[in-house]
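Note that this is a predicted model, so its numbers are computed, not measured.
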Amino acid sequence: MDFKTQVAGSAGLAGVAADALVVLVGGQAVPEDLATPLADVLSTAAKDGDFAFKAGHTLYAHRVAGAKAARVVFVSTGDGSGKNLRKAMVAAMAPLKAGGTKTLAVALAGAGAWSAAAAEALVGAVAEATYLYRETKPSAAPASKLATVSLVCAKGDAAVLAAGLRRGEAVAAGSNLARECANRPGNHCTPSFLAEQAKKLGKEHGLKVEVLDRKDCEKLGMGSFLAVAQGSDEPLKFIVARWNGAGKADAPVVLVGKGITFDTGGISLKPAAEMDEMKYDMGGAASVLGTLKAVASMKAKVNLIGIIPSCENMPGGRAVKPGDVVKSLSGQTIEVLNTDAEGRLILCDALTYAERFKPAVVIDIATLTGACVIALGHHRSGLFSPDDALAAELLAAGELALDPAWRMPLDDEYDEALKSHYADMGNVGGRAGGSITAAMFLKRFTGKLNWAHLDIAGTAWKSGQAKGATGRPVPLLTHFVLARAS
Ligand code: BES
Ligand code: MN
Ligand code: ZN
């Protein structure tokens, strides 16, 4: 899909040539800058009670006399915020994505001029609206025919908007890669599959990719990661992918993604209901691959390293058992009190491994706790960091990218729950504050690192009718990394 700008001619929006025209309507009444015949259609519909000036409300009009585009969709953007613009565009796409629309023009009415951020939000909305998982479903609807989307703008705005579109396309490509990986069933998306995806990405975008196997991890002493992997016959992979966009002396941003390709809970087995959704437990890993793709495709002048510890969590004959004590790469020992708290067990060794890169910052991303879903629901990811400046930077990136997070506490008092009789720590801290004690566990492995943790258990996928991976938090991470590029 191609995104570009188009300058409206003297005939105004009615003269815009495209298979379909989406008019994003701002304000509480028919916009004054909307001319006949489109203004008449909208005001009649509003009078008839068929259009409301509320974000996401749409009106479809076919073959409006005097309009060049065969299809016109009016959609209200409400207060015109980025969030509502995105919501409006997703709604406007509903009647267009399955039809004959190949070229689409999008215009603003009653909402001032386009901004780069609005252009970027629009690309994200179109990508979200047209994405459909088909890999293992031959009967899925055919791919949308939509080939070009152009923003109708003033001549002087084209260059700024082009930059917004370019960023939007990079983020969308990264989000779609994350969605494609995470939507794949566990028997397709294995640790080996993720390693292949990383290598493919390396070839496409010039990343250096290294994949460690079990023997390598044994030699290094990743006893904690190995303990999770040992219950499964599927070989583990420890993936390291590097984008060198800046000078050698530039300390890298390191992203660590949880890559559990299926989480049964292990011996502390999960209940059967909805266990299929544990194929998404590699959403953190998927977001690391997606962010690498977005950042590398923009050729950003930044050094970015993705680390993905990947395995299954299975209750095999050699599986780690409750009460087992394992030795992490850091040398600290862990009593595995609950084998279902496996994410932290693989991440802790990856965090220790990250130290060797002398990173400027390390962010781990994980579908880590059900408790985070209880705390924050499905809208905001949980953000944990002892560093106020880093937390603020990540929160700001999330707001700009329309991929928001919310900061959670890391007071020392929460650490007490991790005390163990038999090891330096236990791997669980009871039900109270479960997402925080999980973060406190990770914190024990971050030493002097400038570190943040994103718990995406509630945001990486949707359940129910619209079941599927969201590609989050690729937008947040990409914004964060690009803001650090020189
Ligand atoms: N992958 C799960 C977390 C999860 C649960 C994500 C539900 C999305 C939805 C994680 O490995 C897990 O099982 N966590 C346990 C931790 C507990 C045993 C301390 C949990 O949240 O129940
Ligand atoms: Mn688990
Ligand atoms: Zn898990």
- request: Output all residues satisfying side chain to side chain donor-acceptor pair (under 3.5 Å) with Ser385, sequence neighbours left out; order by chain, then residue number.
  value: none

Please table the atom pairs, donor to acceptor, closer than 3.5 Å between any side-chain atom in residues 88-95 and protein atoms at least two apart or in another chain.
none

field: Counterpart residues, side-chain contact (heavy atoms from CB on, under 4.5 Å), relative to Leu132 (two or more places apart)
entry: Arg134, Ala140, Ala141

field: Qualifying residues under salt bridge (Lys or Arg N to Asp or Glu O under 4.0 Å), relative to Asp157, sequence neighbours excluded
entry: none

Donor-acceptor contacts under 3.5 Å from residues 164-182 side chains, at least two apart:
unit_1 : atom_1 : unit_2 : atom_2 : d
Arg166 : NH2    : Met298 : O      : 3.4
Ser175 : OG     : Val171 : O      : 2.9
Asn176 : OD1    : Arg179 : NH1    : 2.6
Arg179 : NE     : Thr470 : O      : 3.4
Arg179 : NH2    : Thr470 : O      : 3.4
Glu180 : OE1    : Arg184 : NH1    : 3.0
Glu180 : OE2    : Tyr131 : OH     : 2.5

- request: Would you indicate whether the side-chain heavy atoms of Asp364 and His453 approach each other to under 4.5 Å?
  value: yes

field: Basic-acidic side-chain contact under 4.0 Å: Glu210, Lys199
entry: no

Test: Lys270 and Asp340 ion pair at under 4.0 Å: yes

- prompt: Is there a side-chain contact between Ser150 and Phe3 (heavy atoms, below 4.5 Å)?
  reply: no

Side-chain touch Asn303/Ile305, heavy atoms, less than 4.5 angstrom: no

field: Considering all heavy atoms, the nearest Ser232-Met314 contact
entry: CB-CG, 3.7 Å

message: Using the side chain to side chain donor-acceptor pair (under 3.5 Å) criterion, which residues pair with Arg407? Sequence neighbours excluded.
response: Asp388

Which donor-acceptor pairs under 3.5 Å do the side chains of residues 54-66 make with protein atoms, sequence neighbours left out?
unit_1 : atom_1 : unit_2 : atom_2 : d
Tyr60  : OH     : His62  : ND1    : 2.7

Residues which pass salt bridge (Lys or Arg N to Asp or Glu O under 4.0 Å) with Glu120, listed by chain and number, not counting sequence neighbours: none

- request: Sequence neighbours left out, what passes salt bridge (Lys or Arg N to Asp or Glu O under 4.0 Å) with Asp281? Give chain and number order.
  value: Lys258

query: From Leu347 CG over to Ile307 CD1, what is the distance, rounded to the nearest 0.5 angstrom?
result: 10.5 Å

task: Would you indicate whether the side-chain heavy atoms of Leu255 and Leu477 approach each other to under 4.5 Å?
output: yes

query: Does the side chain of Asp349 come within less than 4.5 Å of Pro309's, by heavy atoms?
result: no

message: Restricting to side-chain contact (heavy atoms from CB on, under 4.5 Å), what partner residues turn up for Ala227, sequence neighbours left out?
response: Gln230, Val320, Val326

query: Under a 4.0 Å N-O cut-off, is there an ion pair linking Arg86 with Glu128?
result: yes

message: Once ring pair (Phe, Tyr, Trp, His ring centres under 6.0 Å) is applied, what residue pairs with a partner in residues 267-311 remain, sequence neighbours excluded?
response: Tyr280-Trp461

message: Can you tell me which residue among Thr130, Thr148, Leu104, Val123 is in a side-chain contact (heavy atoms from CB on, under 4.5 Å) with Met1?
response: Thr130

- request: Using the test salt bridge (Lys or Arg N to Asp or Glu O under 4.0 Å), find all partners of Asp276 that sit at least two apart in sequence or belong to another chain.
  value: Lys467

N-O pairing of Lys102 and Asp19 below 4.0 Å: no

